[in-house]
2 protein chains.
Amino acid sequence: MHISSRQDRLHAFMEACRRQNLKITPQRIAVYKALMDNTRHPSADDVFQRVRKDFPRISFDTVNRTLLTFTEAGLIHILETPGGPRRFDPDTSSHHHFHCIRCGRIIDFCHDLYDKLELPEEMEKEFRILKKTVVITGYCDRCRGSESAS
Amino acid sequence: MHISSRQDRLHAFMEACRRQNLKITPQRIAVYKALMDNTRHPSADDVFQRVRKDFPRISFDTVNRTLLTFTEAGLIHILETPGGPRRFDPDTSSHHHFHCIRCGRIIDFCHDLYDKLELPEEMEKEFRILKKTVVITGYCDRCRGSESAS
DNA sequence: GTGATTGCAAACCTTTTGCACGCCA
DNA sequence: TGGCGTGCAAAAGGTTTGCAATCAC
């Protein structure tokens with residue numbers, strides 16, 4: 001959970017960069033700050049638009065590549081989506097997702113039981129697991145009425 | 001599981017179309033047949049390439065739209081992927097996925113316990129649920145060695 | 001006959017790639 | 001200084017849209 005302050009998180013971020021031999025550049029800091037502000041599920045472009053406000057000269061590519069770098073470093077996650085632009089998730093704590101197949105909304109939810117699910121034994125042996133999420137798909141409250149009205 | 005014959009499944013498909021007021025066109029039949037053959041996780045283009053063999057005059061758009069139509073009708077599912085082209089899943093029985101974040105492989109697995117997971121009560125009340133999947137992300141057996149070699 | 005479906009083509013959007021320059025360590 | 005990181009621009013890849021012609025019912 002996000003009990004740590006902005007400063008603490010920024011500090012931890014820089015530590016993580018050092019640990020992974022990632023150079024600490026103004027651009028990376030700007031991207032990370034934007035991610036801390038945005039608790040939703042931003043696309044690369046969403047992040048770009050936000051970072052731009054404080055860092056007008058940054059390029060989209062830098063933002064996009066930075067996001068991929070952060071993902072490889074485990075600082076953020078890539079969301080599982082039903083197609084469409086890639087979405088990132090700055091929240092790396094265990095949580096789960098609901099996807100509306102009509103409006104595309106992704107709704108986070110927490111669920112202790114799901115968090116505690118054990119991984120299949122063989123998989124744990126053979127693979128290196130980073131994340132486990134329950135994804136529920138359907139029509140959200142706003143869309144469930146219109147489902148047959150196609 | 002797929003104990004029913006090709007003929008049975010085709011028949012069930014046509015029944016489903018009638019039930020949903022979908023016209024039974026040669027194109028839709030061709031797409032459905034291609035899906036029955038392909039047990040992997042095809043993209044729209046994968047399906048297109050396959051259908052083409054038996055139906056050279058079909059257009060990509062028709063295939064793509066047909067897949068979306070089938071999804072809305074609940075005949076197939078859209079896979080949750082970390083970006084990239086949309087993938088479809090002709091297997092609508094309960095199963096779960098592992099995603100390798102390095103090579104992009106999607107591996108199906110079955111897991112009774114995961115199948116039996118109960119949905120969050122409130123969600124079941126408010127939303128219309130179509131599917132529930134556990135998605136595990138990480139490095140697969142082939143890729144786990146190369147993870148630090150970036 | 002009528003409305004749903006198809007084929008075609010263009011537009012749109014996102015992601016990837018290559019390369020020269022610049023900056024962090 | 002060396003090599004990683006950045007910015008720019010072009011290309012590639014996938015999806016969506018509009019419209020006229022066609023087909024299933």
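All values below were derived from every heavy atom in this structure, side-chain atoms included, with hydrogens, water molecules and symmetry-related copies excluded. Quantities reported herein were computed from a predicted structural model and do not represent experimental measurements. Proteins come first, then strands; the chains are lettered A, B, ... in the order of their sequence lines, and each starts at number 1.
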Chain A footprint on DNA chain C, 5' to 3' - any atom under 4.0 Å from a heavy atom: C:dT14 to C:dA25
B:Gln20 atom CD is separated from D:dC25 atom P, nearest whole Å, by 15 Å
Salt bridge flag under 4.0 Å for residues B:Glu122 and B:Lys125: no
Please report, rounded to the nearest Å, how far the P atom of D:dT6 is from the NZ atom of A:Lys23. 10 Å
Report the residue (B:Gly83 or B:Gln27) whose heavy-atom-nearest nucleotide on DNA chain C is the more 5′ of the two. B:Gln27
Can you tell me if the side-chain N/O atoms of A:Ser59 get under 4.0 Å from OP1 or OP2 in D:dG7? yes
To the nearest Å, how far apart are A:Ile58 CD1 and D:dC8 P? 11 Å
Toward the 5' end of DNA chain D, by each residue's nearest nucleotide, A:Arg28 or B:Arg86: A:Arg28
Do other residues, nucleotides or ligands put more than 12 heavy atoms under 6.0 Å from the NZ atom of B:Lys33? no
Provide, to the nearest angstrom, the distance between the CZ atom belonging to B:Phe48 and the C1' atom belonging to D:dG13. 15 Å
Could you give the CG-to-C1' distance, from A:Asp61 to D:dC4, as a whole number of Å? 16 Å
Within a reach of under 6.0 Å around CZ of A:Arg105, are more than 12 heavy atoms found that belong to other residues, nucleotides or ligands? yes
Applying ring-ring contact (aromatic ring centres under 6.0 Å, His included) to B:Tyr114 and not counting sequence neighbours gives B:His96, B:His111
Between P on D:dG5 and CD on A:Glu72, what's the gap in Å once rounded to a whole number? 12 Å
So what does A:Asn64 hit on the nucleic acid, given a heavy-atom distance under 4.0 Å: a base, only sugar-phosphate, or nothing? base
5'-most contact on DNA chain C (nearest-nucleotide basis), B:Thr25 vs A:Thr25, goes to B:Thr25
Any link between A:Tyr139 and B:Ile76 through a network of hydrophobic side chains (Ile, Leu, Val, Met, Phe, Trp, Tyr) touching at under 4.5 Å? no
For D:dT6 and A:Arg65 - does any side-chain N or O of the residue sit under 4.0 Å from the phosphate oxygens OP1/OP2? no
Among side-chain atoms of A:Asp89 and A:His95, is any donor-acceptor pair under 3.5 angstrom? yes
If we ignore hydrogens and angles and just use 3.5 Å, is the side chain of B:Thr81 paired with the main-chain N or O of B:Gly83 as donor and acceptor? yes
Taken to the nearest whole Å, CG/B:Leu67 to P/D:dT16 is 11 Å
